[in-house]
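Quick one: structure below, then a few questions.
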Amino acid sequence: MESLLIHGGNKLTGEVRISGAKNAALPILTAALLSAEPLQLANVPHLKDISTMLALLGHMGVRVTLDDQNRVTLCGESIPNKDAPYEMVKTMRAAILVLGPTLARFGEARVSMPGGCAIGSRPVDLHIKGLQAMGAEIHIEHGYIHARAKRLKGAHIAMDMVTVTGTENLMMAASLADGTTVLANAAREPEIVDLANCLIAMGAKIEGAGSGVITIHGVPALHGAQHSVMPDRIETGTFLVAAAMTGGRIRATHAQPDTLVSVMGKLADAGAHVTSGEDWIEVESDGVLNAVDVRTAPHPAFPTDMQAQFMALNCVASGVASITETIFENRFMHVQELRRLGANIEVTGHTALVRGVPRLDGATVMATDLRASACLVLAGLVAAGETTIERIYHLDRGYERIEEKLTQLGARIQRVH
Ligand code: UD1
C-alpha cells in the first residue's frame, strides 16, 4: 500500500495549474449515455474516480477513446448492458449518475444501491422519488435499483433536500422526457451549471441551472457535442489553503474565481492576502493566521468538501474557531488524526471547536476519505519533522498528481511503498 511522506516546514511558492473538476467530469461523462453521437470532452482530470467511471461506461457499451490532446471521446451508439454492477458502485457512489440517462434513453436501467460510505449513510431516495414522479416504475431487487419507463414524462418535482448528484440525475433524465420538468430546491453548485452547459451543447433545453429552480423542456434526442470541463474548485481551494498555512504565495492558474467566493472570503478573514483575475487566484500569507468559523451548507455557502482543509488551517491559527458540518453526519474523521499531530479539537455533535496550537508535530496518520486526506497533507506541510499519511488511495480519487504539484511549489513530499 502506498503512503505519502512529508517533511513539514517549507513555504510553498509559485504557480500551480488547476485540473478539470472531478465532480463536473463525472456527471458529464455519464451524459454520453444520452446520445448515440460522440461527446468529445477536454480538461477531464486523470483520477481514480474518472477511470472507474470510464470502466463502468465501457462495461455498459460506451466506446471510449483518448486522443493525443488528452481529449476523451465517448460514443454511446449502442448500450447493450444497462446496468451498473455492485463492484463498481461500491468504490464510487457517483456511479448512481448512470441511472437517469440510461432510463431516459432506453426505458430501463439497473444500478446497484450504493451502500453507506465513511462520511455518512448518503441515501439516494431523492433520485428515486424524482424518477418515479416522472413515471418510472422502480423496484429494489437483490440490492439493485431496477427502473423502467416506456418514456419518462415531465413533472414538477420539489426536492426535500438539496442534492447535487440527485439534481444532476434528474436534469439528465428530464432532458429526454416527454414534456417539461421543473426541479424546485435544485442544487446550485457550479458543477450543475457545467453539466447543463454540456447538455445544452448536446441540444437539451434547460433554463435556470445555477438557481434553485431548473426548468427542462424534454427533447426526443440529443446529438454529439464538444465540451471543456470546468476547473476543480476544491483542488483550487486546497492549494490556496496550503499557501496560507505555509506562509507562502501560490497562484492557482486555469481556475474559476467566481466558484470560490466563500472560500476566498474565509482565507481573507484568516488574514491571508487574496487577489484574483479572470482565471487565476493568488494567496499570499506570512503564515500568521486567525482562526475562522466555518459552517458548511449547499452552494453558494461554504462547501463541505473544503471543511477538512479549513480544520487543518484552524489547528495552527491563533484563537478558537468553530466548524459546523451541516451536510454529512459523519465528516469529522480527520479530527482523530489531526489530534495525533498535536491539534486541540473538541467535537460536540456536528460542531468541532478548534483551538489553535503553536505547532503541530509530525506523526503517522491514516487517510479516511478524500477530503480528510487533503487536510492531513496540509497539516503535514506545516508539522515539525516527518508525517506519514497512510491509505492515500483516497487522495488519488480526487487530486491529480498532488505530490508532483506540491513538489513544484517547494514541498518535501514523496510517495513511498
Ligand atoms: C456531491 C459531491 C460531493 C459533495 C456533496 C455535497 C459529486 C460526485 N459529489 O455528493 O463531493 O461533498 O455533493 O456538496 O458531485 N441525500 C438524501 N437523499 C438523496 C440524496 C442526498 O438524503 O437522495 C442527502 C445526503 O445524505 C447528504 C445531503 O443530502 O446529507 C447532500 O448530499 P448530495 O448533495 O446528494 O451529495 P452527493 O451528490 O452524493
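As a basis for the values below, the full set of heavy atoms in this structure was taken, side chains included, without hydrogen atoms, waters or symmetry mates. Both counts, for ligands and for their atoms, begin at 1 and track the order of listing. In this chain, residues are counted from 1 in sequence order.
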Original post:
Can you tell me if R331 has a non-hydrogen atom under 4.0 Å from ligand 1?
Top reply: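 Per 4.0 Å heavy-atom rule, R331 contacts ligand 1.
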Original post:
Under 3.5 Å between some N or O of ligand 1 and some N or O of T163?
Top reply: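 Yes: some nitrogen or oxygen of T163 is under 3.5 Å from one in ligand 1.
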Subject >> M159 and ligand 1 - part of the residue with a heavy-atom distance under 4.0 Å >> reply: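 Answer for M159: neither.
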**OP:** Using a strict cut-off of 4.0 Å, indicate which atoms of ligand 1 neighbour a heavy atom of V162.
**Re:**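 Going through ligand 1 atom by atom, the ones under 4.0 Å from V162 are 31 (C), 34 (O).
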**OP:** State plainly whether the residues R415 and E403 are in salt-bridge range, i.e. N to O under 4.0 Å.
**Re:**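 So R415 pairs with E403 through a salt bridge.
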**OP:** Give the contacting part of D305 toward ligand 1: side chain, backbone, both or neither, where contact means a heavy-atom distance below 4.0 Å.
**Re:**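 Only the side chain of D305 comes within reach of ligand 1.
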Subject >> ligand 1 N/O within reach of K22 N/O, cut-off under 3.5 Å >> reply: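 So ligand 1 has no N or O lying under 3.5 Å from an N or O of K22.
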Original post:
Non-hydrogen atoms of D160 versus ligand 1: any pair closer than 4.0 Å?
Top reply: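 No, D160 has no heavy atoms under 4.0 Å from ligand 1.
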Original post:
Would you say D125 and ligand 1 have an N/O pair spaced under 3.5 Å apart?
Top reply: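 Between D125 and ligand 1, an N or O pair is found under 3.5 Å apart.
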Original post:
Just by distance, with hydrogens left out, do H59 and D83 show a side-chain donor and acceptor under 3.5 Å apart?
Top reply: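 Yes.
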Subject >> Shortest heavy-atom approach to atom 21 (C) of ligand 1 - which of G398, P123, A187 >> reply: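 The residue whose heavy atom sits nearest atom 21 (C) of ligand 1 is P123.
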Subject >> E189-ligand 1 polar pair, N/O distance under 3.5 Å >> reply: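 Among all N and O atoms of E189, none is under 3.5 Å from an N or O of ligand 1.
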**OP:** Using side-chain hydrogen bond (donor to acceptor under 3.5 Å, both in side chains) as the criterion, point out the one residue from K405, R371, H394 that pairs with Y399.
**Re:**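 Single side-chain hydrogen bond (donor to acceptor under 3.5 Å, both in side chains) partner of Y399 among K405, R371, H394: R371.
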**OP:** Using a 4.0 Å heavy-atom cut-off, say whether I327 meets ligand 1 through its side chain, its backbone, both or neither.
**Re:**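 Both the backbone and the side chain of I327 come within reach of ligand 1.
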Original post:
Do E325 and T296 meet the criterion of a side-chain donor-acceptor pair at a distance under 3.5 Å?
Top reply: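 Yes, a side-chain donor-acceptor pair sits under 3.5 Å.
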Original post:
Does ligand 1 have an atom under 4.0 Å from some heavy atom of G166?
Top reply: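 No, G166 has no heavy atoms under 4.0 Å from ligand 1.
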Subject >> Distance filter under 4.0 Å to V124 heavy atoms, resulting ligand 1 atoms >> reply: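 It comes down to these atoms of ligand 1: 19 (C), 23 (O).
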Original post:
Crowded around R295 CZ? As in, over 12 foreign heavy atoms under 6.0 Å?
Top reply: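 Open.
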Subject >> Any N or O of L126 closer than 3.5 Å to N or O of ligand 1 >> reply: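 The answer is yes, given that L126 and ligand 1 share an N or O pair closer than 3.5 Å.
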Subject >> Contact (N/O only, under 3.5 Å) between E168 and ligand 1 >> reply: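 No, E168 has no N/O under 3.5 Å of an N/O on ligand 1.
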Subject >> Atom CZ of R249: over 12 foreign heavy atoms under 6.0 Å >> reply: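 No, CZ of R249 has 12 or fewer neighbouring heavy atoms, counting only those of other groups under 6.0 Å.
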Original post:
Are any non-hydrogen side-chain atoms of L376 and T387 less than 4.5 angstrom apart?
Top reply: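 When only atoms from C-beta onward are counted, T387 and L376 do not touch, as no gap falls below 4.5 Å.
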Original post:
Counting heavy atoms only, which of V164, I234, I128, I96 comes nearest to atom 1 (C) of ligand 1?
Top reply: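 Going through V164, I234, I128, I96 one by one, V164 has the nearest heavy atom to atom 1 (C) of ligand 1.
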Original post:
Considering only heavy atoms of T304, which atoms of ligand 1 have at least one such atom less than 4.0 Å away?
Top reply: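 Numbered from 1, ligand 1 contributes 6 (C), 12 (O), 14 (O).
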Original post:
Hey, are R233 and D258 close enough for a salt bridge, meaning a charged N less than 4.0 Å from a carboxylate O?
Top reply: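 Salt bridge: no.
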Original post:
Looking only at side chains, do T238 and Q309 share a donor and an acceptor under 3.5 Å apart?
Top reply: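 Checked: T238/Q309 side chains pair up, N/O donor to acceptor below 3.5 Å.
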Original post:
Would you call H127 a ligand 1 contact, heavy-atom distance under 4.0 Å?
Top reply: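 H127: in contact with ligand 1 (<4.0 Å).
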Original post:
Cut-off 3.5 Å, side chains only: do H146 and E137 have a donor facing an acceptor?
Top reply: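 No.
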**OP:** Before accepting this row, confirm whether a basic side-chain N of the pair E235/K22 lies closer than 4.0 Å to the acidic partner's carboxylate O.
**Re:**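 Here E235 does not pair with K22 in a salt bridge, since their nearest N and O are not under 4.0 Å apart.
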Original post:
H217 and T180: side-chain donor and acceptor closer than 3.5 Å?
Top reply: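 Present: a donor and an acceptor within the cut-off.
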**OP:** Out of E191, M161, E329, indicate the one that has the non-hydrogen atom closest to atom 24 (C) of ligand 1.
**Re:**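 Of the listed residues, M161 has the closest heavy atom.
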